[in-house]
K.L.:
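Let me give you the structure first, and then I'll get to my questions.
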Amino acid sequence: MKNIAIIFAGGSGKRMNTKSRPKQFLEFRSKPIIIYTLELFDNHPQIDGIVIACLEEWIPYLQKMIRKFEISKVQAIVPGGETGQDSIRAGLEAAETIGDKDSIVLIHDGVRPLITEQTITDNIECVRQFGTCITCIPATETFIVSRSDGGLDIPTRADSHIARAPQSFRLGDILAAHRRAVEEGRHDFIDSCSMMSHYGYKLHTIEGPIENIKITTPTDYFIFKAMVDVHENQQIFGF
């Protein structure tokens with residue numbers, strides 16, 4: 001049994017309005033965002049391997065960056081599919097050649113570089129205990145849910161969470177769900193927890209850091225830059 005990170009790097013960055021490169025390859029201090037993400041998993045002592053699903057035309061550049069920044073745990077890079085769901089399935093199938101059905105897979109966005117070592121550890125321990133783990137943050141604003149009859153439901157904040165990543169499972173379970181989705185012609189699941197919930201798996205959650213944002217807009221990018229500065233100051237000055 002292994003702990004394998006599945007990193008999704010298949011987005012084209014349309015909301016970022018970048019013309020020269022996808023958002024995951026934007027650089028800060030001469031380092032691509034995806035390398036910041038990969039370093040977190042590469043440096044974690046419990047992660048045994050990393051699989052990346054990447055835009056096919058950017059795989060050679062990614063391989064070059066992995067060598068440059070000495071990322072050592074990447075065991076496979078596979079072309080992404082037409083949808084995020086297809087890309088994750090490709091990554092999971094590559095992970096199947098590395099681990100067994102009981103291996104733990106941590107599915108994570110390449111443009112979420114602000115998680116912590118503790119978040120990764122908590123995901124692994126939660127899956128060991130319960131079989132699933134969805135990283136969440138508490139809801140800080142009120143959700144309004146529209147019903148098909150035109151009415152509205154307003155869940156309490158205490159009962160509301162925002163799902164982020166990693167989203168982690170036993171490899172055999174999440175692959176079975178993906179293959180069932182293919183059989184049923186379903187390619188519209190927004191994320192892994194939505195798929196697993198749809199197929200009847202009980203989901204367990206852990207609370208992750210608030211700064212665990214997904215970099216999809218220019219504003220997100222500037223928040224990321226500021227948070228990197230904060231973390232560096234904490235290390236230097238002991239804040």
Side-chain angles (χ1 to χ4, degrees), residues 1-10 34 37-54 56 59 62-63 66 70-81 83-110 112 115-136 163-184 186-187 189-206 208:
M1 183 184 75
K2 295 183 177 181
N3 302 318
I4 305 169
I6 310 293
I7 308 300
F8 167 62
I34 191 170
T37 303
L38 289 173
E39 285 177 336
L40 291 165
F41 291 92
D42 198 61
N43 293 331
H44 195 286
Q46 291 180 265
I47 294 296
D48 300 302
I50 301 171
V51 173
I52 308 170
C54 180
E56 187 167 13
I59 289 178
L62 176 59
Q63 291 170 327
I66 287 171
E70 299 181 341
I71 305 297
S72 63
K73 293 183 181 178
V74 174
Q75 298 193 25
I77 302 175
V78 297
T83 67
Q85 180 181 326
D86 294 335
S87 296
I88 290 170
R89 187 181 71 254
L92 291 168
E93 288 174 345
E96 196 175 24
T97 67
I98 300 168
D100 57 28
K101 64 181 180 62
D102 292 322
S103 292
I104 295 172
V105 289
L106 298 87
I107 300 170
H108 193 71
D109 301 297
R112 285 191 192 271
I115 61 166
T116 63
E117 178 178 310
Q118 188 62 51
T119 303
I120 296 171
T121 300
D122 290 346
N123 268 257
I124 292 169
E125 293 306 313
C126 186
V127 176
R128 284 178 178 169
Q129 186 173 357
F130 300 110
T132 63
C133 182
I134 310 302
T135 305
C136 298
R164 290 194 168 174
Q167 298 185 2
S168 305
F169 312 93
R170 295 288 182 188
L171 177 57
D173 292 338
I174 184 67
L175 260 179
H178 270 273
R179 286 165 177 164
R180 183 172 175 182
V182 170
E183 291 174 359
E184 296 175 358
R186 291 288 306 269
H187 298 276
F189 288 107
I190 192 66
D191 59 12
S192 298
C193 70
S194 300
M195 176 186 289
M196 294 296 273
S197 177
H198 176 78
Y199 289 123
Y201 289 87
K202 186 176 181 179
L203 302 180
H204 295 265
T205 64
I206 59 117

K.L.:
Do Ile104 and Arg170 have side-chain heavy atoms sitting under 4.5 Å apart?
P.N.:
yes
K.L.:
Does this structure show an ion pair linking Arg128 with Glu125, if we count only N-O contacts that are shorter than 4.0 Å?
P.N.:
yes
K.L.:
More than 12 heavy atoms of other residues, nucleotides or ligands under 6.0 Å from CD of Gln63: is that the case?
P.N.:
yes
K.L.:
With sequence neighbours left out, write down each residue that passes salt bridge (Lys or Arg N to Asp or Glu O under 4.0 Å) with Asp86, or none if nothing qualifies.
P.N.:
Arg89
K.L.:
Is there a donor-acceptor contact under 3.5 Å from the side chain of Gln85 to the main chain of Arg186?
P.N.:
yes
K.L.:
Under a 4.5 Å cut-off applied to non-hydrogen side-chain atoms, are Ile174 and Tyr201 in contact?
P.N.:
no
K.L.:
Are side-chain N/O atoms of Ser197 and Ser194 paired as donor and acceptor at under 3.5 Å?
P.N.:
no
K.L.:
Can you list the steps and then say if Phe8 with Asp191 is a side chain to side chain contact (heavy atoms under 4.5 Å, CB included)?
P.N.:
CA-CA 11 Å; Phe8 167 62; Asp191 59 12; over 6 Å; no
K.L.:
Before accepting this row, confirm whether a basic side-chain N of the pair Arg112/Asp109 lies closer than 4.0 Å to the acidic partner's carboxylate O.
P.N.:
yes
K.L.:
Has Lys2 got a side-chain atom pairing as donor or acceptor with Gly49's backbone, closer than 3.5 angstrom?
P.N.:
no
K.L.:
Is any side-chain heavy atom of Val127 less than 4.5 Å from a side-chain heavy atom of Val105?
P.N.:
no
K.L.:
Between Ser103 and Asp100, do the side chains contain a donor N or O and an acceptor N or O under 3.5 Å apart?
P.N.:
yes
K.L.:
Would you say the side chain of Leu92 lies within less than 4.5 Å of the side chain of Val51, judging by non-hydrogen atoms?
P.N.:
no
K.L.:
Are the side chain of Thr132 and the backbone N or O of Lys202 linked by a donor-acceptor pair below 3.5 Å?
P.N.:
yes
K.L.:
Keeping Asp48 on the side-chain end and Asn3 on the backbone end, is there a donor-acceptor pair under 3.5 Å?
P.N.:
yes
K.L.:
Take His178 and Ser192 through the test side chain to side chain donor-acceptor pair (under 3.5 Å) and record every step on the way to the result.
P.N.:
CA-CA 9 Å; His178 270 273; Ser192 298; 4.7 Å; no
K.L.:
Does Glu39 have any salt bridge (Lys or Arg N to Asp or Glu O under 4.0 Å) partners at least two apart in sequence or in another chain, and if so, which?
P.N.:
Lys31
K.L.:
For atom CD of Glu70, decide whether the heavy atoms of other residues, nucleotides or ligands shown that lie under 6.0 angstrom number more than 12.
P.N.:
no
